[in-house]
Amino acid sequence: MASPFLIVAHRGASALAPENTLASFRRALDMGAKAVELDVHQSRDGELLVIHDENLKRTCGLDALVKDLDASRIRSLDAGSWFGPQFAGERVPTLRETLELLLGRASVHLELKQGSRYYPGIEARAVALLKKMDGMRDSVLSSFDHQALFEVRRVDFSARIGYLLGRASTIRALKDTKDLRAESLHLSLRQTTAARVRSAHEHGLRVLTYTVVSSAQGRRLRSLGVDGVFANDPGLLQDQRHAPL
Ligand code: G3P
Ligand code: MG
């Protein structure tokens, strides 16, 4: 039997709370999300932090790069006020505290924004943390940086891998996903065509599309054969039963 359509809460319930904060992840869980996506960068002192941009300006108001500051400095910043005054005091979460909240309650799509070329050792750190927290089975590691995915596979035989297409050709992606033993291909809305979905399925890959902001978009993608979506509002398509990852 085909799996039900999967809705992944993109950056948590990021339509309703500041993206990639514990408030956003709690909101997603409260809404019954069974899968949550989050983005990971690495601080100067090697802490894995959950934030989308490499620069802190947009969500924390400081024009500086995550990689140039220690975690303690980054975590002194307010990551919630930009979204609404009721979220003042939200912090950039560590990956560890985010996993503490999510594991056992939802599956995790952990997106490494860059690999070791930019953040030395990030792949091994993420895998080690997931292992320590017994989170490997319920987590998928993904990235636009395909070298990072090959590094994930090198450090762990069993890691679940999702391939973000980015600028790779479909042919390249299908070869990489085979070599990586990836389980899913992640496409943008624009990249999601019936032909590409069919081709991915023929290669044994699930297809997940980002970023969906309306139920109509979700229904259109479902009709194309897509297996699930990353949605800023995990309440979209409420009529659907959410699938486990
Ligand atoms: O993982 C899917 C999606 O999150 C990729 O794009 O920029 O929202 O991280 P972005
Ligand atoms: Mg992401």
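Both counts, for ligands and for their atoms, begin at 1 and track the order of listing.
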When you measure from the Mg ion (ligand 2) to each N, O or S atom of [X], which atom gives the shortest distance?
X      : value
Glu111 : OE1
Glu37  : OE2
Asp39  : OD1

Any nitrogen or oxygen of [X] lying under 3.5 Å from a nitrogen or oxygen in ligand 1? Just yes or no.
X      : result
Glu111 : yes
Lys113 : yes
His186 : no

**Asked** Does ligand 1 have an atom that lies less than 4.0 angstrom from a heavy atom of Glu37?
**Response** yes
Taking the basic N atoms (NZ, or NE/NH1/NH2) and the acidic carboxylate oxygens, is any pair closer than 4.0 Å for [X] and [Y]?
X      : Y      : answer
Asp30  : Arg26  : no
Asp39  : Lys113 : yes
Asp145 : Arg117 : yes

**For atom 3 (C) of ligand 1, closest protein heavy-atom neighbour** = His10 NE2, 3.5 Å
**Asked** Who's the nearest protein heavy-atom neighbour of atom 10 (P) of ligand 1, and how far?
**Response** His52 NE2, 3.3 Å
**Message:** When you measure from the centre of the six-membered ring of Phe230, is the NZ or CZ of Arg11 closer than 6.0 Å and no more than 45° off the axis?
**Reply:** no
**Request:** Answer yes or no for Lys67 and Tyr119: cation-pi contact, defined as NZ/CZ to six-membered ring centre under 6.0 Å and angle to ring axis within 45°.
**Result:** no
**Thr192, Asp176, Leu187 screened by side chain to side chain contact (heavy atoms under 4.5 Å, CB included) with Leu165, the one that passes** = Leu187
**Asked** Against heavy atoms of Arg11, which atoms of ligand 1 measure under 4.0 Å?
**Response** 7 (O), 8 (O), 10 (P)
**Ring centroid separation Tyr163 to His186 under 6.0 Å** = no
